[in-house]
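Before any comments, here is the structure.
What you see is a predicted model, and the numbers here were worked out from it, not measured in a lab.
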Amino acid sequence: MSRLKDLFKKSANVQTQEVQGEGQARESEGTPSVPEGLWVKCPKCGELLYKEDVVNHYYICPKCGGYFRIKAKTRIKMVADKGSFTEWCTGLVNSNPLDYPGYEEKIAQVQAKTHLEEAVRIGEARIDGQRVVLGVCDARFLMGSMGHVVGEKITRSFERATEEKLPVILFCCSGGARMQEGIISLMQMAKTSAAVKRHSEAGLLYIPVLTDPTTGGVTASFAMLGDIILAEPGALIGFAGPRVIAQTIGQKLPEGFQRSEFLVGHGIIDGIVRRENLKQTLSGLVKLHQRNKGYCQFLRINLPEGNKEEKYSRKKRKEKEMTAWEKVEAARDSKRLTSLDYIETVFDSFMELHGDRAFRDDGAIVGGLAVLDGQPVTVIGVQKGRNTKDNITRNFGMPSPEGYRKALRLMKQAEKFNRPVICFIDTPGAFCGIEAEERGQGEAIARNLLEMADLKVPILSIVIGEGGSGGALALGVANEVWMMENATYSILSPEGFASILWKDSKKAKEAAEVMKITAKDLLELGVVEQVIPEEVPACKDNLEELSKDMKSRMLEFLEKVEGMSGEELAAQRYDRFRKM
């Protein structure tokens with residue numbers, strides 16, 4: 001077997017029709033003949049593979065995990081229900097606006113070789129029975145570049161999707177704007193972006209999936225304008241190519257620069273989905289966004305019976321009252337339940353979305369899409385770590401500006417799709433480092449306060465641990481704010497209070513009593529609407545019990561705001577804070 005493989009490795013003609021013309025190998029004349037379609041060469045590790053193994057493995061190398069570029073036709077088969085794809089916008093005629101020599105002939109040659117009209121195929125399809133507009137760019141056609149026909153096909157499809165109220169899923173793969181069409185190609189960036197904007201304003205879902213490569217003018221237009229931006233592993237994604245950047249600035253680029261994993265870490269895209277999971281992920285997202293309206297119909301069916309009585313009996317239970325300082329210590333306890341503990345237990349499912357789309361994905365704030373007894377919601381939480389490594393990732397629960405901007409991005413997305421927002425607050429305060437000030441920490445917090453005040457969907461915020469100053473309030477402008485019994489919520493830490501007013505941080509215990517920072521104090525002051533009892537301080541042992549109680553309260557809250565318009569919700573939120 002090894003001798004046979006060695007023989008085939010001497011041949012450069014190892015690409016099948018599936019991957020020919022995709023920049024992974026070139027034919028070489030005069031070499032030994034290999035049966036067409038039997039072997040393929042991995043674009044990453046160079047290993048010679050049986051084509052059948054590659055096909056059965058979603059065109060992923062079984063040796064190194066490298067991704068093959070695939071035809072638009074193959075992509076459609078992978079994602080759409082069998083026989084459901086109907087292509088739109090066919091028959092558009094190419095032109096040569098620059099009178100570029102040989103351009104018409106080049107187009108004709110590529111069309112004959114690939115059997116494609118242009119670099120994108122787009123039309124209506126079904127994914128698990130759900131109607132969508134599905135588009136796929138094909139790198140075999142002039143590297144998927146965007147000329148005026150590509151721009152026209154995408155624009156017309158978004159316009160029709162808007163008319164028919166359909167979500168759009170677009171697999172992007174492109175070298176950018178098409179040079180042979182010059183300024184006309186550049187104008188397609190604005191044209192497609194305007195069509196995406198109209199589709200978005202109609203409250204419709206758009207998911208671009210970025211594949212290898214997505215660069216240039218496509219990246220700087222429709223590829224980066226989705227509600228949820230996904231990518232395949234290892235895909236090259238960027239505006240200027242890495243070679244151009246390296247030659248221009250003369251610096252060594254970071255390892256993995258402009259790959260999809262790099263973009264998640266830098267807050268540019270929401271997440272990475274493996275090819276074998278794409279159909280299921282896309283189907284789930286489309287289903288979730290189709291069920292946003294009329295969420296309270298799920299509540300009456302699923303609201304557990306007897307919870308009100310159970311809750312009342314818990315309120316009546318009396319335990320030894322902890323001092324304010326003891327509650328400060330309980331709120332800070334490293335074993336205390338975190339936002340992710342509640343998110344993973346209270347909700348039926350959760351898909352985390354990443355990044356502020358500008359600079360970084362702040363690990364101190366987690367957020368994404370969740371389902372609460374059939375109702376889609378947006379969940380956001382400040383997340384602490386439990387060990388040194390995790391605390392470094394989470395910055396000890398102290399969000400940076402990009403964390404607050406990520407939270408606001410998700411809240412505005414929730415408003416677009418009419419999803420309630422549920423926030424979990426547990427932070428000693430916003431990060432106060434030099435870099436946070438350089439990136440506008442104060443502006444980021446202020447912007448959240450401004451936008452949350454007028455958000456047209458219900459907002460519920462729960463202080464589960466520490467509620468430290470403006471860093472907590474940035475997620476606390478809600479229709480209702482609740483606290484766990486052993487949580488705290490304050491203008492700053494007791495140590496800081498004592499240091500400023502009494503010039504002695506050692507008087508923190510006394511300060512905790514004076515500041516009225518406990519849930520009981522704040523309920524009496526009207527700062528919070530509910531206190532969630534803790535028979536013992538929240539920990540893994542009572543997670544299920546606390547989550548069950550919390551879930552029933554959330555369902556009651558959503559039932560209470562049923563029927564309120566967006567304007568009424570915003571007005572109620574305004575009045576709530578206006579009284580303070």
Side-chain angles (χ1 to χ4, degrees), residues 72 75-76 79-80 85-95 97 116-125 127 130-138 141-142 144-178 181-211 214-231 237 239 268-270 282 285-286 289-290 357 409 412-413 415-417:
R75 178 79 69 180
I76 292 167
V79 174
F85 180 74
T86 302
E87 191 164 2
W88 291 352
C89 308
T90 59
L92 299 183
V93 180
N94 273 286
S95 63
L116 294 170
E117 288 188 354
E118 252 294 352
V120 66
R121 294 187 67 191
I122 195 163
E124 182 180 334
I127 300 179
Q130 302 161 108
R131 291 179 68 204
V132 300
V133 173
L134 178 63
V136 182
C137 298
D138 197 316
F141 200 106
L142 297 183
S145 56
M146 179 169 62
H148 74 279
V149 172
V150 170
E152 186 66 17
K153 288 174 72 120
I154 289 172
T155 301
R156 289 189 187 186
S157 296
F158 269 99
E159 290 170 344
R160 184 168 171 182
T162 304
E163 292 173 3
E164 300 191 25
K165 302 188 185 309
L166 293 175
V168 175
I169 297 169
L170 191 52
F171 285 86
C172 303
C173 180
S174 178
R178 189 169 296 172
E181 295 189 22
I183 194 71
I184 300 302
S185 177
L186 186 71
M187 294 302 107
Q188 305 311 306
M189 295 167 61
K191 184 170 79 175
T192 55
S193 299
V196 172
K197 176 66 172 176
R198 290 192 173 190
H199 183 263
S200 179
E201 287 184 339
L204 299 168
L205 175 67
Y206 168 39
I207 305 174
V209 183
L210 313 184
T211 70
T214 301
T215 58
V218 168
T219 298
S221 56
F222 62 84
M224 285 294 180
L225 297 177
D227 298 296
I228 299 169
I229 304 177
L230 303 177
I237 304 164
F239 180 57
I268 309 302
I269 63 176
D270 285 293
L282 294 172
L285 288 171
V286 172
H289 285 82
Q290 286 179 343
R357 298 273 174 89
R409 177 176 78 83
K412 296 299 287 184
Q413 183 188 95
E415 182 178 46
K416 172 182 174 179
F417 294 109

### Check against salt bridge (Lys or Arg N to Asp or Glu O under 4.0 Å), E124 and R131
CA-CA 7 Å; E124 182 180 334; R131 291 179 68 204; 2.7 Å; yes
### Query
Does the salt bridge (Lys or Arg N to Asp or Glu O under 4.0 Å) test come out yes or no for K412 and E415, once each step is laid out?
CA-CA 5 Å; K412 296 299 287 184; E415 182 178 46; 3.0 Å; yes
### Task
Check step by step if side-chain contact (heavy atoms from CB on, under 4.5 Å) holds for I169 and I127.
CA-CA 10 Å; I169 297 169; I127 300 179; 3.7 Å; yes
### Task
Evaluate the side-chain contact (heavy atoms from CB on, under 4.5 Å) criterion for residues C89 and R160: first the C-alpha distance (whole Å), next the side-chain angles of each, then the deciding distance (0.1 Å), finally the verdict.
CA-CA 10 Å; C89 308; R160 184 168 171 182; over 6 Å; no
### Query
Do V150 and F141 pass the side-chain contact (heavy atoms from CB on, under 4.5 Å) test, and can you show the C-alpha distance, the side-chain angles, and the key distance before you say yes or no?
CA-CA 11 Å; V150 170; F141 200 106; over 6 Å; no
### Message
Assess the residue pair M146 and M189 against the criterion (side-chain contact (heavy atoms from CB on, under 4.5 Å)); give the C-alpha distance rounded to whole Å, side-chain angles, the decisive distance to 0.1 Å, and a yes or no.
### Response
CA-CA 9 Å; M146 179 169 62; M189 295 167 61; 3.8 Å; yes
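Atom CG of L210 is separated from atom CE of M224 by 5.5 Å, given to the nearest 0.5 angstrom. Interatomic distance, CG of L170 versus CD1 of I207, reported as 11.0 Å (0.5 Å rounding). Taking CD1 of I154 as the start and SG of C137 as the end, the distance is 5.5 Å to the nearest 0.5 Å. Note that the CH2 atom of W88 and the CG atom of L134 stand 10.5 Å from one another [nearest 0.5 Å]. The OG1 atom of T162 lies 12.0 Å from the OH atom of Y206; values are rounded to the nearest 0.5 Å. Separation of atoms CG (D227) and CG (L204) is listed at 9.0 Å; rounding is to 0.5 Å.
The closest donor-acceptor contact from the side chain of S200 to the backbone of V196 lies at 3.5 Å or more, if one exists at all. No donor-acceptor pair closer than 3.5 Å links the side chain of S185 to the backbone N or O of H148. Remark: the backbone N or O of F239 is not paired with any side-chain donor or acceptor of T219 at under 3.5 angstrom. Between the side chain of S157 and the main chain of I122, no donor-acceptor pair closer than 3.5 Å is present. The closest donor-acceptor contact from the side chain of S145 to the backbone of A177 lies at 3.5 Å or more, if one exists at all.
For the residue pair K191 and Q188, a side-chain donor N or O sits within less than 3.5 Å of a side-chain acceptor on the partner.
In plain terms, the two heavy atoms of I184 and P97 that are nearest each other are CG1-CB, 3.8 Å. Heavy-atom minimum distance, A195 versus T155: CB-CG2, 3.8 Å. Contact between A161 and V133 at its shortest, heavy atoms only, is CB-CG2, 3.7 Å.
Between L285 and L230 the shortest side-chain heavy-atom distance falls below 4.5 Å. When side chains are defined from C-beta on, R178 does not count as touching V149, because their heavy atoms never get closer than 4.5 Å. Using a 4.5 Å cut-off on side-chain heavy atoms (C-beta onward), I268 and I237 make no contact. Residues H199 and L225 have side chains not in contact (no heavy-atom distance under 4.5 Å, counting atoms from C-beta outward). The shortest side-chain heavy-atom distance between V168 and F158 falls under the 4.5 Å cut-off. Side chains of E117 and T90 form a contact here, defined as non-hydrogen atoms less than 4.5 Å apart. Here the side chains of Q130 and H289 are not in contact, with every heavy-atom distance at 4.5 Å or above. For the pair V79/F171, a side-chain contact is recorded, criterion being any heavy-atom separation below 4.5 Å from C-beta on.
Under the side-chain contact (heavy atoms from CB on, under 4.5 Å) test applied with E118, the options D138, L142, N94 reduce to a single match, N94.
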